[in-house]
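Heads up, the thing below is written out as structure tokens.
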Amino acid sequence: MPLAEDTTVLDDPPRTVPIVIIGNGPSGICLSYMLSGYRPYLCPDAVHPNPILQNKLEEARHLSIPEQDLEYLSEGLEGRSSNPVAVLFDTLLHPNADFGYDDYPSVLQWKLESEHYIPHLVLGKGPPGGAWNDMEESMLTLSLGDWMELPGLKFKDWALCNRRNSKNDRATPAEVASYYKHYAKVMGLKRNFIDNSYVTYVAKTYREPEESASVETKQISSEQLQHKNNDVYLKNWEIQGYRRAADGSREPFCLFAETVVLATGTFDAPARLEANGEDLPYVSHSLSEFETDICKGKLRGATDPVLVVGAGLTAADAVLCAHNHNIPVIHVFRRRLNDPSLIFKQLPKKLYPEYHKVYNMMCTQSYGTTSLHPKYTSFPEHCVLSFNPDMKFVLQCPSGPKKVFKISKALVLIGSHPNLFFLKEQGRNLGHHPNQPITCKGNPVEINPYTYEASKEPNLFALGPLVGDNFIRFLKGGALAITRCLEMRLKNKSQIDESGSTNGAC
């Protein structure tokens, strides 16, 4: 049950808030939804296909899911996420989805209970939707449209009134971005969002009791917190940044919060080859830049091929884009063609014909010994050594001599990493492997699996791709876990305060 459409925008946010969420993509939106008092309950007539889970749910049918023991409910469940609460919530929202039963109804119903609202702010660089607002409009999403949806508003229901082509189960990023903006509005969440906000600094701080909020704060490490006396305010995080005004000017802000949630996703910083010459003007790490060059006619009539590096879906999109505009392609990737981890091997042909077309070219038009194919040539198990100023690049073969080819443009599309520059050491201390950059696959933020609190930093939480949940269907579990944790802490704090008041009165 959504609130009436909320058009309120916070022009002058409070200086101190309980929770600040950094990132307004689907992770931040979903968490804001639950913190706003929306509660999932087991539907009255629902029967989950997993009988063990159904029995557990029956034991506390009268309680909302956030009030229950998530570890107990998650025990024994298996799914495509390594985070147990993500698997739990996904199977409640999409029972047996991984077994092909996409139409099995959710066993949950949502109720708005305003008394459970927890004040919070969501900071994002643009409108709600995060990076979805910047993706290429013509692509189709990897996930089905239903799996892009957030709780309480079915994507199909929204699509009936808003989609141009409802025949395809996959949506374009532009449609998904529009859905997220509509969702934040119709669910009454906009009062929590501050758009066009850029965070530049986040650190744990403390203030002496006699210091006012206007006095400069001091940075303090987690280790130091344990040695400070009780007369120091230890909970606050300081969040600095700026809002970009309509005229392009910057308006600085400074907030304090007891809790910070990282929901930034992974699209901020493209991964690099670290090859010589990678910063030359003709080398790009952006598919949208390539599309812009084509639209402006910069590659019209080019006889030299475009180099595409990478074996993921973005690289495949670049190959398709070039192919559709009759631009020859050299496609370089390090994996073997029969590598089972190639994403193309995990996609059904009927749903993803365009990607299987690319995979077929990768397999059937690989480099021979002397010449390139006219339109497309793949180089499996090769890597780029360097880019030269004369528009040539050097290719290392698995065995044999190096090769040099002249190109018109290079696209390095090998993934992206989160950019946590605003944290101390860029958040390197938060990962499973200390002192290494945070990556969604190799080194995600280490968390308590049932609260999503960072293992190495109290009152700092993370969800979504930062903890390895790259699919939207799984990030909702992080929102559930964080909401439950924060509600339990507020409840415990309230009980302690009441106990203190009672003791004082006596």
Going by an N to O cut-off under 4.0 Å, is there a salt bridge joining [X] and [Y]?
X: Lys190; Y: Asp195; answer: yes
X: Glu457; Y: Lys204; answer: yes
X: Glu58; Y: Arg61; answer: yes
X: Glu453; Y: Arg489; answer: yes
X: Glu487; Y: Arg39; answer: yes

Can you give me the closest heavy-atom contact between [X] and [Y], atom names plus distance?
X: Val412; Y: Ala271; value: CG1-O, 4.4 Å
X: His94; Y: Lys476; value: NE2-NZ, 3.8 Å
X: Lys456; Y: Pro434; value: NZ-CG, 3.8 Å
X: Gln54; Y: His48; value: OE1-N, 2.6 Å

task: Return the orientation label for the Trp110 and Phe89 ring planes: parallel under 30°, perpendicular over 60°, tilted otherwise.
output: perpendicular
Is it true that [Y] and [X] share a donor-acceptor pair across their side chains at a distance under 3.5 Å?
X: Ser286; Y: Ser288; result: yes
X: Ser74; Y: Glu71; result: no
X: Tyr355; Y: Lys349; result: no
X: Arg80; Y: Asn470; result: no
X: Tyr33; Y: Asn192; result: no

task: Give the intermediate values and the outcome of ring pair (Phe, Tyr, Trp, His ring centres under 6.0 Å) for residues Tyr452 and Phe461.
output: CA-CA 6 Å; Tyr452 281 61; Phe461 294 76; 8.8 Å; no
field: Residue Asp247 excluded, over 12 heavy atoms near CG under 6.0 Å
entry: yes
- prompt: Given Tyr41, which of Lys111, Glu113, His62 fulfils the side-chain hydrogen bond (donor to acceptor under 3.5 Å, both in side chains) condition?
  reply: Glu113
Hey, does [Y] have a side-chain heavy atom less than 4.5 Å from the side chain of [X]?
X: Val260; Y: Asn459; result: no
X: Asn50; Y: Thr91; result: no
X: Ile194; Y: Val122; result: no

